[in-house]
Amino acid sequence: MSRRILLTGAAGFLGSHLAHRLLADGNEVLGVDNFVTGSRENAAWLQSEPGFSFREHDVSQPLFVEGPIQAVLHFASAASPVDYLELPIQTLKVGSLGTHNMLGVARVKGARFLLASTSEVYGDPDVHPQVEEYWGNVNPVGPRGVYDEAKRFAEALSMAYHRVHEIPVRIARIFNTYGPRMRPGDGRVVSNFLVQALRGDPLTVYGDGEQTRSFCYVDDLVDGLLRLLDSDHAGPVNLGNPVEYTVLQLAEAVLELVGATSEIQHRPLPEDDPKVRQPDITKARKLLGWEPKIGLEEGLERTIPYFRELVERQGARARPLA
Ligand code: NAD
Ligand code: UDP
């Protein structure tokens with residue numbers, strides 16, 4: 001069924017992949033972005049595809065859209081810790097005011113609403129792996145609180161609209177996802193390590209590198225998101241790859257696949273950096289018939305050519321914390 005879909009954050013990493021897939025499935029996509037962490041190249045590339053239109057707009061401000069909209073996918077928000085630590089107030093605003101504005105659009109249009117929430121709602125978790133029923137361990141006044149609490153508020157507001165206005169809301173709790181079209185300087189661990197290895201620079205491992213993350217390839221995630229959108233379940237539903245790695249194991253995998261001999265350089269662990277993170281995806285398996293298919297090695301192999309091009313042609317650099 002062809003739909004007209006409003007997608008915020010369309011010029012970002014996940015937004016550009018989602019838009020591409022939605023267009024390929026025959027939908028029309030109205031992308032909205034203010035480029036605070038997104039790229040004009042992504043928007044320009046999408047504009048060459050039939051069915052895509054674009055509005056440059058800060059969704060923390062009200063948005064008025066002409067014509068029908070069947071689904072609102074709210075993906076606008078800085079997502080890399082380096083980005084949201086630099087943009088604390090914008091991050092709180094897009095998660096709160098931006099979510100309110102986009103729920104308002106969904107309400108007037110009678111559209112369903114998909115929220116890009118995050119594993120960060122679990123904070124530094126003391127339940128492992130993380131199940132959706134776990135309420136989390138977030139420091140509201142720490143530096144990461146700007147992102148975590150914005151997303152927790154966004155979930156609460158979405159559920160309030162669901163209960164009060166009966167909007168079909170879907171909440172995806174997305175775990176670390178990587179792939180082509182990440183900004184090389186977005187500061188996240190996969191982009192930093194790949195760019196550093198391709199340049200022959202040291203890989204910056206924060207702390208002892210024993211903290212864990214579970215990395216999902218972007219195509220798997222997009223598939224899960226679209227299944228959730230079209231399901232009957234409000235969620236929240238964890239979407240991520242349940243295979244857990246230490247940061248040091250990730251560094252070793254990157255070095256091997258790139259064929260680099262960069263050294264490992266330890267740097268201080270950022271404040272409130274979660275010690276472990278791994279999704280329990282029982283719900284996604286049961287409710288959506290979904291699980292990731294692409295392992296870390298294959299996902300990195302698919303991602304390396306994109307970063308290699310940026311490093312070799314444009315001299316791209318990583319953005320590690322000092
Ligand atoms: P990204 O930084 O690449 O993309 C975010 C996009 O949102 C950018 O294009 C940015 O310019 C746009 N944006 C930010 N504030 C805006 C505003 N006020 N108005 C309009 N546009 C705005 O990040 P991403 O990895 O693509 O993340 C997309 C969404 O998915 C975010 O909501 C993020 O919290 C969520 N998420 C991502 C991951 C992941 O691993 N990639 C994990 C959990 C949650
Ligand atoms: N990290 C690291 N080196 C880097 C970037 C990140 O060791 O250059 C670590 C970071 O401390 C965290 C993990 O990698 O433990 C994942 O960080 P990322 O910024 O990708 O996202 P997070 O999962 O913390 O939101």
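Order of listing sets the numbers, starting from 1, for every ligand and every atom in it.
In terms of heavy atoms, Lys151 sits closest to Ser77 at NZ-CB, 3.8 Å. Closest heavy-atom contact between Glu149 and Val138: OE2-CG1, 3.5 Å.
The aromatic rings of Phe13 and His17 lie perpendicular to each other, with more than 60° between the two planes, well past the 30° mark. Using the six-membered ring where Trp is involved, Tyr161 and His100 have ring planes that are perpendicular, over 60° apart on the 30 and 60° scheme. Ring geometry for Tyr217 against Tyr178 counts as perpendicular: the plane angle is over 60°, on a 0 to 90° scale with 30° as the lower cut.
A donor-acceptor distance shorter than 3.5 angstrom exists from the side chain of Arg170 to the backbone of Ser231, with no hydrogens or angles considered.
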Write out each pair where an N or O from ligand 2 and one from the protein are under 3.5 Å apart, with the distance.
from: ligand 2; atom 1: 3 (N); to: Thr204; atom 2: O; distance (Å): 2.6
from: ligand 2; atom 1: 7 (O); to: Tyr206; atom 2: N; distance (Å): 2.8
from: ligand 2; atom 1: 8 (O); to: Asn192; atom 2: ND2; distance (Å): 2.9
from: ligand 2; atom 1: 8 (O); to: Thr204; atom 2: O; distance (Å): 3.2
from: ligand 2; atom 1: 8 (O); to: Thr204; atom 2: OG1; distance (Å): 2.9
from: ligand 2; atom 1: 8 (O); to: Tyr206; atom 2: OH; distance (Å): 3.3
from: ligand 2; atom 1: 11 (O); to: Asp273; atom 2: OD2; distance (Å): 2.7
from: ligand 2; atom 1: 15 (O); to: Gln211; atom 2: NE2; distance (Å): 3.1
from: ligand 2; atom 1: 15 (O); to: Arg213; atom 2: NH2; distance (Å): 3.3
from: ligand 2; atom 1: 15 (O); to: Asp273; atom 2: OD1; distance (Å): 2.7
from: ligand 2; atom 1: 15 (O); to: Asp273; atom 2: OD2; distance (Å): 3.4
from: ligand 2; atom 1: 20 (O); to: Val189; atom 2: N; distance (Å): 2.8
from: ligand 2; atom 1: 23 (O); to: Asn176; atom 2: ND2; distance (Å): 2.9
from: ligand 2; atom 1: 23 (O); to: Arg213; atom 2: NE; distance (Å): 2.6
from: ligand 2; atom 1: 23 (O); to: Arg277; atom 2: NH1; distance (Å): 2.6
from: ligand 2; atom 1: 24 (O); to: Arg144; atom 2: NH2; distance (Å): 2.9
from: ligand 2; atom 1: 24 (O); to: Arg213; atom 2: NH2; distance (Å): 3.2
from: ligand 2; atom 1: 25 (O); to: Arg144; atom 2: NH2; distance (Å): 3.2

Find all protein N or O atoms under 3.5 angstrom from an N or O atom of ligand 1 and list the pairs with distances, or write 'none'.
from: ligand 1; atom 1: 2 (O); to: Thr37; atom 2: OG1; distance (Å): 2.7
from: ligand 1; atom 1: 3 (O); to: Phe13; atom 2: N; distance (Å): 2.9
from: ligand 1; atom 1: 7 (O); to: Ser77; atom 2: N; distance (Å): 3.3
from: ligand 1; atom 1: 9 (O); to: Gly12; atom 2: N; distance (Å): 3.0
from: ligand 1; atom 1: 9 (O); to: Asp33; atom 2: OD1; distance (Å): 3.2
from: ligand 1; atom 1: 9 (O); to: Asp33; atom 2: OD2; distance (Å): 2.6
from: ligand 1; atom 1: 9 (O); to: Gly38; atom 2: N; distance (Å): 3.3
from: ligand 1; atom 1: 11 (O); to: Asp33; atom 2: OD1; distance (Å): 2.6
from: ligand 1; atom 1: 11 (O); to: Phe35; atom 2: N; distance (Å): 3.4
from: ligand 1; atom 1: 11 (O); to: Val36; atom 2: N; distance (Å): 3.0
from: ligand 1; atom 1: 11 (O); to: Thr37; atom 2: N; distance (Å): 3.1
from: ligand 1; atom 1: 11 (O); to: Gly38; atom 2: N; distance (Å): 3.0
from: ligand 1; atom 1: 18 (N); to: Asp58; atom 2: OD1; distance (Å): 2.8
from: ligand 1; atom 1: 19 (N); to: Val59; atom 2: N; distance (Å): 3.0
from: ligand 1; atom 1: 21 (N); to: Asn34; atom 2: N; distance (Å): 3.2
from: ligand 1; atom 1: 21 (N); to: Asn34; atom 2: OD1; distance (Å): 3.2
from: ligand 1; atom 1: 25 (O); to: Arg188; atom 2: NH1; distance (Å): 3.0
from: ligand 1; atom 1: 25 (O); to: Arg188; atom 2: NH2; distance (Å): 2.9
from: ligand 1; atom 1: 26 (O); to: Phe13; atom 2: N; distance (Å): 3.3
from: ligand 1; atom 1: 26 (O); to: Leu14; atom 2: N; distance (Å): 2.7
from: ligand 1; atom 1: 32 (O); to: Phe75; atom 2: O; distance (Å): 3.0
from: ligand 1; atom 1: 32 (O); to: Lys151; atom 2: NZ; distance (Å): 2.8
from: ligand 1; atom 1: 34 (O); to: Tyr147; atom 2: OH; distance (Å): 2.6
from: ligand 1; atom 1: 34 (O); to: Lys151; atom 2: NZ; distance (Å): 3.0
from: ligand 1; atom 1: 40 (O); to: Thr177; atom 2: N; distance (Å): 2.8
from: ligand 1; atom 1: 41 (N); to: Arg188; atom 2: NH1; distance (Å): 3.1

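Between Asp273 and Arg213 there is a salt bridge, since at least one side-chain N of the basic residue sits less than 4.0 Å from a carboxylate O of the acidic one. Salt bridge Glu298/Lys293: absent, no basic N to carboxylate O contact under 4.0 Å.
Side-chain atoms of Asp83 and Thr37 form no donor-acceptor pair, as typed in the model, at a separation below 3.5 Å.
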